[in-house]
Protein chains: 2
Amino acid sequence: MELKPISERFILHWGEMGSRWGVNRTVAQIHALLYLAGRPMEAEEIASTLGVARSNVSTSIKELQSWKLVRTVHLKGDRRDHFETSTDVWELFRLIVEGRRQREIDPTIDVLNGFLSNPDLANEDEGAQQRIRETLEFIQILTTWSDEMLRLKPETLMKMLGIGAKLSQTFRKGSSSE
Amino acid sequence: MELKPISERFILHWGEMGSRWGVNRTVAQIHALLYLAGRPMEAEEIASTLGVARSNVSTSIKELQSWKLVRTVHLKGDRRDHFETSTDVWELFRLIVEGRRQREIDPTIDVLNGFLSNPDLANEDEGAQQRIRETLEFIQILTTWSDEMLRLKPETLMKMLGIGAKLSQTFRKGSSSE
DNA sequence: CATCAATTTCTGTACTTACAGAAATATTCG
DNA sequence: CGAATATTTCTGTAAGTACAGAAATTGATG
């Protein structure tokens, strides 16, 4: 597939953003490509469109699947795997937040909980103890709240957040549960 | 300074987290150290405590200052710079979100706006156009809302978010404006 | 204003991560 | 079940990033 200029720039920018947030550039690019394409694509087409090796696509797709951002579909009369992503921004956002949470936040909470139930904690400076406790509590509050928010339909959420109705119509497509 | 075991593990974990979010490991470690220490430290002490080169501390501190996470203070009768960070989790969170916003979100909004005011956009597939518009709108809604939230005092925010009062007391120290 | 301490910038090296291409494996179809 | 095609895993190289140590600069003090 030959990319049109704006799509190409969108995809490149997305790759840049990915890098800055700890996401492999190619992974981010592939996701952006599938997002803009809005249709299932097979590995070879992805590779040639982005100018990367097919093996790289394979690895990156696996990564995207582990985030549940991409699913495999099959087209009648074609034995190759085709890959697609949701075109719903809100759903994508939700999946990314959930992925980050599982990979980084939850383990961090475990580590901090470990510290608090460790008798050695008493040896630390009073202030440090206090701050470790506060850090844990902060993270827990934030994740609890974000869990609740992500469970809502976007329209409901928009209302809750007190954002004007004119904007919320963007999300008319709806997605997610509840 | 000799780190006590739990502080050390906290700092190392923070460094790991930093890496995963696109923040230099040493930068994250230094910040964690200053956070737990809760007092100003000078470059040499930071370097020896963390086992990194002094030059590395210099660069990292500059980075942290550009995020407004660390400020320089001077102690009477000591010509060396000393560095400290806030011990208020909420304030730190606010500064990090604001930094990310300025560095990554705002430029992305500019790029997307550029696409929308570019006549070439008409050449793109209808669906792609639509999705570019939706992406921009989504990001704008999110940042508008986060701006509003971050301007609130933590207690007010907690109430808004409907989180029980028992938790919000963690943030009694207060910070930020409004 | 010369000396000394502190700090920053520069430079080469080490480490890490990304990735292409090759090889191996799996899958589909006749 | 064998051939053809698709996919994944492996491996070496390349690119990028982090960092120590050296050199240069800044700035304070007598």
Side-chain angles (χ1 to χ4, degrees), chain A residues 1 11-34 40-67 70-84 103-104, chain B residues 1 11-34 40-67 70-84 103-104:
Chain A
M1 181 169 90
I11 289 165
L12 294 177
H13 182 81
W14 223 245
E16 281 307 311
M17 284 304 100
S19 302
R20 286 174 170 273
W21 290 79
V23 177
N24 178 292
R25 185 160 42 84
T26 310
V27 171
Q29 285 182 0
I30 292 177
H31 186 246
L33 171 61
L34 292 175
M41 293 179 72
E42 42 96 3
E44 175 55 35
E45 190 181 12
I46 295 172
S48 68
T49 303
L50 295 178
V52 299
R54 221 182 140 111
S55 58
N56 197 358
V57 172
S58 175
T59 314
S60 301
I61 289 280
K62 257 185 69 179
E63 173 77 6
L64 285 167
Q65 282 174 328
S66 81
W67 287 78
V70 161
R71 61 186 160 279
T72 308
V73 295
H74 284 94
L75 277 65
K76 198 170 61 176
D78 192 336
R79 47 197 274 203
R80 293 170 303 181
D81 287 352
H82 289 246
F83 307 100
E84 69 173 0
R103 281 153 227 253
E104 285 127 25
Chain B
M1 180 168 94
I11 290 165
L12 293 177
H13 183 81
W14 224 245
E16 281 306 312
M17 283 305 100
S19 302
R20 285 173 170 275
W21 290 80
V23 177
N24 178 291
R25 186 161 40 82
T26 310
V27 169
Q29 285 182 0
I30 291 178
H31 186 246
L33 171 61
L34 293 174
M41 293 179 73
E42 42 97 3
E44 176 55 37
E45 189 181 12
I46 295 173
S48 68
T49 303
L50 295 179
V52 299
R54 219 181 139 112
S55 58
N56 197 357
V57 172
S58 175
T59 314
S60 301
I61 289 279
K62 258 185 67 179
E63 173 78 7
L64 285 167
Q65 282 174 328
S66 81
W67 287 77
V70 161
R71 61 185 158 279
T72 309
V73 294
H74 284 95
L75 279 64
K76 199 171 60 176
D78 192 337
R79 48 198 271 203
R80 293 171 304 181
D81 288 352
H82 289 246
F83 306 100
E84 70 172 1
R103 281 152 225 254
E104 285 127 25

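This structure is a prediction, so every number in the text was calculated from the model and none was measured.
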Undergrad: Kindly indicate whether the side chain of B:His31, heavy atoms from C-beta on, has any atom under 4.5 Å from the side chain of B:Trp67.
TA: no

Undergrad: Have a look at B:Arg79 and say if it touches a base, only the backbone sugar-phosphate, or nothing, with a 4.0 Å heavy-atom cut-off.
TA: base

Undergrad: With DNA chain D as reference, determine whether A:His74 or B:Thr26 sits nearer its 5' end, using the nearest nucleotide of each.
TA: A:His74

Undergrad: By the definition side-chain contact (heavy atoms from CB on, under 4.5 Å), identify the one residue from B:Leu33, B:Asp81, B:Ile30, B:Val57 that meets it with B:Met41.
TA: B:Leu33

Undergrad: Contact list please: residues 55-65 of chain A against DNA chain C, heavy atoms, distance less than 4.0 Å, in numerical order.
TA: A:Ser55, A:Asn56

Undergrad: Please round to the nearest 0.5 Å and tell me the distance separating atom CD of A:Glu84 and atom CG of A:Leu34.
TA: 8.5 Å

Undergrad: Please compare A:Arg25 and A:Asp81 by the position of their nearest nucleotide in DNA chain D and report the one closer to 5'.
TA: A:Asp81

Undergrad: Report the distance from atom CZ of A:Arg71 to atom CD of A:Gln65, rounding to the nearest 0.5 Å.
TA: 10.5 Å

Undergrad: If I take atom CD from residue A:Glu45 and atom CG from residue A:Leu50, how far apart are they, to the nearest 0.5 angstrom?
TA: 10.0 Å

Undergrad: What does B:Arg54 touch in the nucleic acid at a heavy-atom separation under 4.0 angstrom: a base, only the sugar-phosphate, or nothing?
TA: base

Undergrad: Any chance you could measure B:Glu42, atom CD, to B:Arg79, atom CZ, to the nearest 0.5 Å?
TA: 13.0 Å

Undergrad: Nucleotide range of DNA chain D contacted by chain A, 5' to 3', under 4.0 Å to a heavy atom?
TA: D:dA4 to D:dT9

Undergrad: Roughly how far, to the nearest 0.5 Å, is CD of B:Glu63 from OG1 of B:Thr59?
TA: 9.5 Å

Undergrad: Which atom pairs link the protein and nucleotides 12-15 of chain C when you take only N or O atoms and keep those under 3.5 Å?
TA:
none

Undergrad: Calculate the interatomic distance between B:Arg20 atom CZ and C:dT16 atom P; express it in whole Å.
TA: 15 Å

Undergrad: Check B:Gly18 against B:Ala28 and note the closest heavy-atom contact, atom names and distance.
TA: CA-CB, 4.1 Å

Undergrad: Would you indicate whether the side-chain heavy atoms of A:Arg25 and A:Glu16 approach each other to under 4.5 Å?
TA: yes

Undergrad: Expressed in angstrom and rounded to an integer, what is the separation of A:Leu50 atom CG from C:dA18 atom C1'?
TA: 15 Å

Undergrad: Check for a donor-acceptor pair, side chain of B:Thr49 on one end and backbone N or O of B:Met1 on the other, with a separation under 3.5 Å.
TA: yes

Undergrad: Closer to the 5' end of DNA chain C via nearest nucleotide, is it A:Asp78 or B:Phe83?
TA: B:Phe83

Undergrad: Which comes earlier along DNA chain C counting from the 5' end, the contact point of A:Ala53 or that of B:Ala43, where each point is its nearest nucleotide?
TA: B:Ala43

Undergrad: Does A:Ser58 reach the main-chain N or O of A:Arg54 with its side chain, forming a donor-acceptor pair under 3.5 Å?
TA: no

